[in-house]
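Values below: every heavy atom of this structure, side chains too, minus hydrogens, waters and symmetry copies. This chain uses plain numbering: 1 for the first residue, then up along the sequence.
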Amino acid sequence: MSSSSTTLAGPWSDPARSAAERAAALISQMTIEEKVAQLYGVWVGASDQGGEVAPHQHEMEEGVDFDQLLPSGLGQLTRPFGTAPVDPALGALSLLRTQRRIMAENRFGIPALAHEECLAGFATWGATAYPVPLSWGATFNPQLVQQMSSRIGRDMRSVGVHQGLAPVLDVVRDPRWGRVEETIGEDPYLVGSIATAYIKGLEGAGIVATLKHFVGYSGSKAARNLAPVSIGRRELADVLLPPFEMAVRESGVRSVMHAYTDIDGVPSAADEELLTGLLRDTWGFEGTVVADYFGIAFLRTLHAIAGSWEEAAEQALTAGVDVELPTVKAYGAPLCEAVREGRIKEELVDRALERVLTQKIQLGLLDPDWSPVPEALQNADLADTSGLRGSIDLDNGQNRALARELAEQAVVLLANNGILPLAAPHRIALIGPTANDPMAVLGCYSFPAHVGAQHPEIPLGLRLPTLLESLTEEFSASEVTFVQGTSIDGGDTEEFADATQAASDADLVILALGDRAGLFGRGTSGEGCDAGSLALPGAQQELLDQVLAVGTPAVVVLLSGRPYALGAETRSAAGAIVQAFFPGEEGTGAVAGVLSGRVNPSGRLPVSIPSRPDAQPSTYLAPALGRKTSVSNIDPTPAFAFGHGLSYTSFDWSGLTADADGMSTDGTVRLTLRVRNVGQRAGADIVQLYLQDPVASVVRPLQRLIGYQRVELEASEEALLTFEVPADLASFTGRDGRRIVEPGELVLGFGRSSADIVLSHTVTLTGSVRVVDHTRALHARCTVATP
């Protein structure tokens with residue numbers, strides 16, 4: 001395991017024994033300092049020269065002394081690749097040299113587990129920047145998302161990373177929240193099914209996936225980051241928890257990250273009922289629970305439920321948090337001292353340690369033949385650092401091709417009066433602040449936005465064609481004139497006259513608007529970049545209004561991290577509206593392809609787009625009183641509903657049949673419909689299955705998604721879709737807190753969106769009220785056949 005002669009061997013290094021036996025044997029030999037050392041990470045940065053990593057000096061914490069810590073061991077290395085720009089090969093060399101040192105300096109030769117962010121790709125310099133999760137949701141294509149995460153996982157594993165801090169399973173409750181771009185959408189079934197596919201790809205590549213943020217983070221008051229969460233147990237159980245439950249049950253996920261927030265006064269990091277009672281005792285989760293960065297310290301500094309680091313450590317350990325991230329604080333010296341003096345039970349430390357060591361054993365890190373040399377460096381000359389530089393390609397052609405396919409499937413055509421696809425206009429005026437900005441396609445957790453922005457002297461490391469470049473290439477015979485018009489959020493109007501003149505001189509206007517991703521107020525979208533309203537940032541709406549008033553045919557393109565209200569005037573004056581949620585490095589090519597018709601759009605909205613900027617919070621998951629009523633002057637009806645999206649071909653749905661008009665509360669009904677492409681070109685349709693419960697014992701949403709199927713058909717081709725719908729999908733949390741299926745009438749509707757139900761069938765549930773639990777069915781299975 002290590003070349004050090006002081007490394008102790010024992011049953012823990014015997015692969016023939018079970019992981020539980022090996023972990024128990026090792027724990028029995030460890031001092032309290034050695035035990036606790038496995039329960040925290042240290043934030044580091046890889047050396048750009050291939051030397052050992054260096055501890056990261058973060059403004060929220062004092063620095064650490066590596067030399068002092070390592071003799072006791074180290075649980076995790078936090079973001080060695082994702083802290084500063086570093087060539088991937090030299091970063092891998094830096095990591096392996098550090099792992100050798102860690103192994104040599106602790107008695108048992110235990111390496112650290114290295115984790116990285118991977119929300120929209122491996123968050124390191126030069127790695128592929130895929131579309132953000134909101135775009136994954138827009139594809140309604142779990143299989144494609146799984147292919148993406150498999151590639152992300154292979155890239156991470158190839159350079160020595162073990163764990164990825166993704167995906168986000170928070171359900172959007174208020175799109176003003178800055179982290180909407182990191183979510184998959186506003187529907188729990190869509191979120192759960194897409195996230196589960198992502199996890200399967202990551203875990204299948206050998207990377208420990210991490211569910212986050214467990215739970216309630218997206219339900220904060222007024223959509224403010226880290227604000228308190230005041231939700232009822234029914235919203236928690238029926239909206240926010242189901243994606244996590246599905247992932248734990250079906251994906252093989254091995255890690256969960258607690259949320260920062262408190263629900264009704266109890267922070268997630270100190271919630272034993274949540275992290276142990278529900279997650280482990282009920283759902284059967286067996287992996288590790290890790291802290292969101294600084295989350296244990298926040299029990300003292302922000303939540304004020306702990307008076308010392310020792311108290312914070314005890315509360316988190318008792319709740320079930322196994323690993324403190326990103327660096328050592330409460331789980332360091334304060335915890336050791338408290339255990340030695342008997343103020344904290346050592347059994348709490350041992351419980352967390354067993355989970356941590358079991359995971360390391362499962363990863364092979366304690367096997368006698370484990371080597372810190374990653375796959376990408378196994379045949380390299382490690383002494384030749386100049387030769388190593390540039391030798392690892394984390395943005396190869398296969399990655400880019402997949403990023404392009406995802407981006408193309410994620411673009412949503414919201415409106416089209418027939419102007420699209422474009423017939424090569426002679427003069428195009430491209431106007432707007434996202435038109436010539438290479439960063440306009442990237443989310444907050446992309447490496448260039450998250451880290452690279454702090455190092456402007458370093459190249460981006462990626463080819464990020466702007467929309468101007470992609471349109472110029474797509475419409476090579478057209479004359480393209482660019483005017484920025486205004487900045488994204490600066491409010492400047494000096495170029496309005498130039499913009500309107502360019503629009504007047506053109507045959508076609510393309511208005512490119514949207515967001516800039518950033519952190520904590522340094523952007524208009526991203527972590528800590530919450531919005532007061534859903535009006536376009538800065539002076540963009542005013543620019544839009546003035547350019548549309550010129551009267552030149554216009555297409556509005558949104559490159560954004562959240563939905564924005566454009567106003568009824570925009571919807572009537574624009575020839576077409578195209579939405580792309582931060583579509584990644586191939587995103588502008590995807591948008592250009594949709595505009596030209598090279599790509600037939602098939603994206604569907606994973607979040608509703610509001611009619612007005614101030615009708616928030618609202619989602620389509622609303623009961624009657626959450627919709628338009630006569631007792632309020634505010635109409636929350638969206639401009640474009642959840643699930644909406646247009647195509648350049650047409651699909652006809654017909655022949656809905658059911659094998660029964662009734663079933664018992666533990667039964668299943670089978671529904672079949674015919675989908676035919678009646679247009680002139682190949683395309684993809686998204687068949688969405690919604691459930692309505694007209695009368696229930698508690699107030700229910702008017703409808704909710706319970707299944708969907710993407711169907712790709714050539715012109716004139718048709719398919720038969722059969723959905724098997726178990727009564728379990730009608731379950732909800734009853735008045736006594738138990739999940740039940742009630743007898744009564746249900747309406748099962750097939751829709752093009754939540755607002756466009758094309759075919760429906762009423763089925764009556766018979767029998768007594770049935771109590772269900774976490775073993776209930778979660779899916780309406782769909783089979784597709786070609787007649």
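Thr196 and Glu250 are not linked by any side-chain donor-acceptor pair at a separation below 3.5 angstrom, with hydrogens and angles left out of the test. Looking only at atom types and distance, the side chain of Arg710 has a donor-acceptor partner in the side chain of Ser602 under 3.5 Å away. Checking Glu182 against His213 by side-chain atom types alone, no donor-acceptor pair falls below 3.5 Å. No side-chain N or O of Gln359 forms a donor-acceptor pair with one of Gln163 less than 3.5 Å apart. Between the side chains of Ser218 and Trp177, no donor-acceptor pair is found at a separation under 3.5 Å. Between the side chains of Thr78 and Tyr293, no donor-acceptor pair of N or O atoms lies under 3.5 Å. With no hydrogens or angles considered, a side-chain donor-acceptor pair links Ser150 and Arg154 at under 3.5 Å. Inspection of the Gln579 and Ser560 side chains reveals an N or O donor paired with an N or O acceptor under 3.5 Å. A donor atom on one side chain and an acceptor atom on the other are not found under 3.5 Å apart for Asn225 and Tyr260.
A donor-acceptor contact shorter than 3.5 Å is absent between the side chain of Gln709 and the backbone of Leu721. Of the possible polar contacts, none joining the Tyr708 side chain to the Ile686 backbone as a donor-acceptor pair under 3.5 Å is found. One N or O on the side chain of Ser754 and one on the backbone of Phe642 form a donor-acceptor pair closer than 3.5 Å. The closest donor-acceptor contact from the side chain of Arg562 to the backbone of Arg176 lies under 3.5 Å. With hydrogens and angles disregarded, a donor-acceptor distance shorter than 3.5 Å links the side chain of Ser158 to the backbone of Asp155. At distances below 3.5 Å, not a single donor-acceptor pair connects side-chain atoms of Ser251 with backbone N or O atoms of Val248. Panel note: side chain Ser149, backbone Tyr198; a donor-acceptor pair is recorded below 3.5 Å.
Ion pairing of Arg400 with Glu585 is present here, as a side-chain N (NZ or NE/NH1/NH2) and a carboxylate O approach within less than 4.0 Å. With respect to the salt-bridge test (charged N to carboxylate O, under 4.0 angstrom), the residues Asp187 and Arg604 do not qualify.
Checked against a 6.0 Å centroid threshold, the rings of Trp283 and Phe244 do not count as neighbours. The distance between the ring centers of Tyr130 and Trp136 does not fall below 6.0 angstrom.
Screening Leu558, Thr434, Leu559, Thr524 against Asp515 for a side-chain contact (heavy atoms from CB on, under 4.5 Å) leaves a single residue, Thr524.
To the nearest 0.5 angstrom, Leu414 atom CG is 5.0 Å from Phe640 atom CZ.
In this view, Arg404 and Glu586 satisfy the salt bridge (charged side-chain N to carboxylate O under 4.0 Å, His left out) rule, not counting sequence neighbours.
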